[in-house]
Structure formats: C-alpha cells, structure tokens
Amino acid sequence: MRIVDLRSDTKTMPSAQMRMAIAEAELGDADEGEDPTVNKLEAMAAQRLGKEAAILVSSGTQGNMTAVLSQCARGKSVIVGKNTHINLGEAGGLASIAGVSLHALQNTSSGSLDADEVTSSINLTSKDWPETGMISLENTQNLEGGLALNQGQLKIIADIAHDHDLPFHIDGARLFNAAVHLGVSADELVLDADTVTFCLSKGLAAPVGSVLCGTEETIAEARRWVKYLGGSMRQAGIIAAAGIVALESMVERLADDHENAQRLATGLQSIIGFKVDPENVQTNILFAHLEGNDGSQLAAAINERGIRFYDLGELGWRFVTGYGITSDDIDHALDVVETTVREFREGRITVSVSNAPSRL
Ligand SMILES: Cc1ncc(COP(=O)(O)O)c(C=O)c1O
C-alpha cells in the first residue's frame, strides 16, 4: 500500500547529504565544548538568528524548558497562547520541573495574543496571583494552522514584555517556515526576542535536535540547566553535522512544502463536505473540517488506506507537509480521500474508529 505520511514534519527523514555529513563529522566531547561540529552549528545558528550565542539541545521541548529555566524563577508564571505547544504539548513539564505556572490566553485570529489582554494579565504587584516571569509566542503556530507572525506582530508583544522588564521567548520550532512564507530573514523575525528555540528535526529534516539562541549570559545559564536536565551530550557532532546541512540546504526548499500544503487545501476544498480555507494556509500545516458526525470514522478509513494524518477532534484533521512529500503524493492523497469519502457516503465501507491517530 502506498503510504503518504502527513501526520507531522517530525516524520521527515534525513537527506543523503545529511547522512554523509553524519558519517564524516569531526567529533569531540561537546560537554567540554570540544566538539568542533557542535561548536560550528551553534555559531552558525546564533549568527543566522542575530543572537550572541546558541546551544544545541535534544528537542524543541528541551529548548523551551531551558529558555524558561534560564530566565524565569520558580513560582512565577509564563504568559502563553492557549493553543501553543508549550501549553498543550509538553507534558506539563514546566510545572513539574521548572516550577512555573502557565497563564494561557486565547489566541487571536492571527494566532497572536491580544495586546491589551497581555498587559492586563501581567502581575508584578499582587501577592495573591502568580508573579509574571516571562511572555512567549509561537511562530509558526502549529495548532493555529501553521500561521506565521510577522516582525511587527511579534514586536507588539515583545515591547509589552520589555516595558515590564520581562523576557520575551519565541518558540520558533518552525521559525524558518515563517521566514520563508513572509519572505524575510529569520534574524529579522526574532529581532525583539530575548530567546528563540528552533527545531532542526521538523521541516528542516535533520534526525535530532533543536537550538536555543540568546545572549551569551542566558546561553551560559542554559548550559548549566541543560546539564541539570541530563541533556549535556558528548560526541554530539553526529547530530550537529545534520543540523549544519539543514541550515545550509533545507531552508529555501520549505517553499515546496508550503506549495504542497496549498495544493492539498485547494483539493480538499473541492471535495463535498470539507471545510478548508486555502487562503489561511500559509505554511506547511493545514486543518480541515468535515461536515457531519462521521468524521472520526472517515479519518480512520482514510488512515487505513495509507493517507496518514491526525484527527484532532474539534480542532479538525491536521495535515502537515514536509521533505519527502511530493506534489504527486498530494494528488494521490486527494484521490484516496475523495474515493473513501464517496464510498463511505454510499455505504460501501464500514470502519471502526480505533485506527484514527489523534496525537499532536
Ligand atoms: C510549535 C512546537 N514547539 C515545540 C515542539 C517540541 O518539539 P520536540 O518534539 O522536538 O520536543 C513542537 C513539536 O511538534 C512544536 O510543534
């Protein structure tokens, strides 16, 4: 059976060039700062994002966690969007490990936060409410359909943070998707951020790793926290080598993933019963809604036929394009979706819901 895996860009496989780079990487003890390939990746990442320093970490979750641990004391709270990965997808680790609470605000239609609401949510005086310690936005925004925030939108929230002497963090797991969509360089997008995490292992297709960027001082602090978390690695050049290839050769091609998402959205829109808004599909993520009550059964049926995506209930069906997914795969996926929906509606197939994947 032909499989088209549209569950996530975390499913992307490393390119042949990455595999070569991994095999040939010059290595050392990264924990001691002696791995030349890690050092090169960190310097590249910092330069690319216009920050003083960077640290390679194991995952986006560890990058976000470390950004918080390095800048926000226990007992404080972080203002975030309700639909962010930090709020919904990181297992509550910030509460259990960093000892911070999350103050989650409704995302606006652009996916950002309402400036007045952010300002009125900051608490620096009352002893009864958690003291605000940080503000964070996500870019692009996974559960907001991959919407990209531009520098102006980010600056509004960053300015509020800085006016209150609070650090501003960007979870830029897919920052380069935002930059490619907006036609700007990534450093321009994070100009006002104190720290930024971006992932090497999503659209950029490296097998492992994320990078946290910030000032020399914050990243020095982050190194200590990563050590506490057991995340300080040794010959991590084998990870960094793929990350270097990712930064050098996988950024511009993200435009292909965006085109494929657009192709999918346009195709789904023409299938009876689907609600998709191609105009709001900016990057590589799209959500589709199906009229009626049989969505979960249909999702299972389509997944069983090899078109993999997540059924996220009320949020809709989430499809994500990435390296390795071609326009022909999208056409095939559309064919299978169209046929399955038609056969299901005609009562020609029955399915159980047990196979519909529903993770983030
Ligand atoms: C927006 C966002 N931030 C952070 C993460 C966490 O990345 P990781 O899975 O590498 O921990 C994800 C993962 O999907 C994500 O979508």
Side-chain angles (χ1 to χ4, degrees), residues 5-14 45 49 55-69 78 80-94 96-98 102 104 107 111-113 134 136-149 154 169-179 181 186 189-190 193 195-213 222 225-226 229-231 233 236 239-240 242-243 246 254 257 261 282-287 308-310 312 315 318-323 357-360:
D5 197 340
L6 299 165
R7 288 174 298 169
S8 177
D9 47 10
T10 58
K11 311 294 175 195
T12 48
M13 292 292 159
L49 294 201
I55 177 172
L56 171 67
V57 291
S58 63
S59 66
T61 302
Q62 193 177 70
N64 289 332
M65 166 78 75
T66 307
V68 172
L69 284 165
V78 181
V80 291
K82 268 195 177 144
N83 274 344
T84 53
H85 199 272
I86 287 184
N87 187 39
L88 298 174
E90 298 183 5
L94 287 179
S96 63
I97 295 174
L102 294 177
N107 293 89
S112 187
L113 296 176
M134 187 186 222
S136 172
L137 287 179
E138 186 174 302
N139 202 19
T140 66
Q141 302 156 89
N142 180 344
L143 296 181
E144 295 290 326
L147 291 179
L149 294 172
L154 294 161
H169 172 68
I170 295 179
D171 173 1
R174 298 181 181 82
L175 182 74
F176 289 98
N177 293 83
H181 166 71
L189 273 188
V190 300
T195 44
V196 192
T197 308
F198 74 87
C199 293
L200 297 164
S201 59
K202 297 198 167 57
L204 300 185
V208 191
S210 292
V211 184
L212 173 68
C213 302
W225 283 109
V226 168
L229 294 172
M233 296 179 279
I239 295 172
L254 292 172
D257 300 341
Q282 300 181 343
T283 59
N284 67 330
I285 300 179
L286 72 96
F287 279 88
R308 303 274 148 83
F309 60 89
Y310 287 136
L312 297 181
L315 285 172
R318 192 191 73 169
F319 299 88
V320 186
T321 57
Y323 177 66
S358 63
R359 288 194 53 223
L360 291 188

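Both ligands and their constituent atoms are indexed starting at 1 by order of listing.
- Geometrically, ligand 1 and Ser210 share no nitrogen or oxygen pair separated by less than 3.5 Å.
- Judged by distance alone, with hydrogens and angles left aside, the side-chain atoms of Arg174 form no donor-acceptor pair with the main-chain N or O of Gly146 at under 3.5 Å.
- For ligand 1, none of its N or O atoms has an N or O atom of Glu138 under 3.5 Å away.
- Residue contacts with ligand 1, taken as heavy atom pairs separated by less than 4.0 Å, involve Ala173 solely via side-chain atoms from C-beta onward.
- Although no hydrogens or angles enter the test, the distance criterion places a donor-acceptor pair under 3.5 Å between the side chain of Trp225 and the main chain of Leu69.
- Residue contacts with ligand 1, taken as heavy atom pairs separated by less than 4.0 Å, do not involve Gln141 at all.
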Test Asp9 against Asn284 for side-chain hydrogen bond (donor to acceptor under 3.5 Å, both in side chains), laying out the working first. CA-CA 8 Å; Asp9 47 10; Asn284 67 330; 2.9 Å; yes

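- Of the possible donor and acceptor atoms, one in the side chain of Glu138 sits under 3.5 Å from a partner among the backbone N and O of His85.
- Checking only distances, Asp171 does come within under 3.5 Å of ligand 1, N or O to N or O.
- Checked by atom type and distance alone, the side chain of Ser201 never pairs as donor or acceptor with a backbone atom of Val208 at under 3.5 Å.
- For atom 14 (O) of ligand 1, the nearest non-hydrogen atom from the set Gln62, Met65, Lys202, Glu144 belongs to Lys202.
- Proximity of a side-chain donor or acceptor of Ser8 to a complementary backbone N or O of Lys11 within less than 3.5 Å is not detected.
- Using a 4.0 Å cut-off between heavy atoms, Glu90 contacts ligand 1 through its side chain alone, with no backbone atom that close.
- Considering backbone and side-chain atoms alike, Thr61 places an N or O below 3.5 Å from some N or O of ligand 1.
- The shortest N or O to N or O distance between Asn142 and ligand 1 is below 3.5 Å.
- Taking the side chain as every heavy atom from C-beta outward, Leu312 and Leu143 approach each other to under 4.5 Å.
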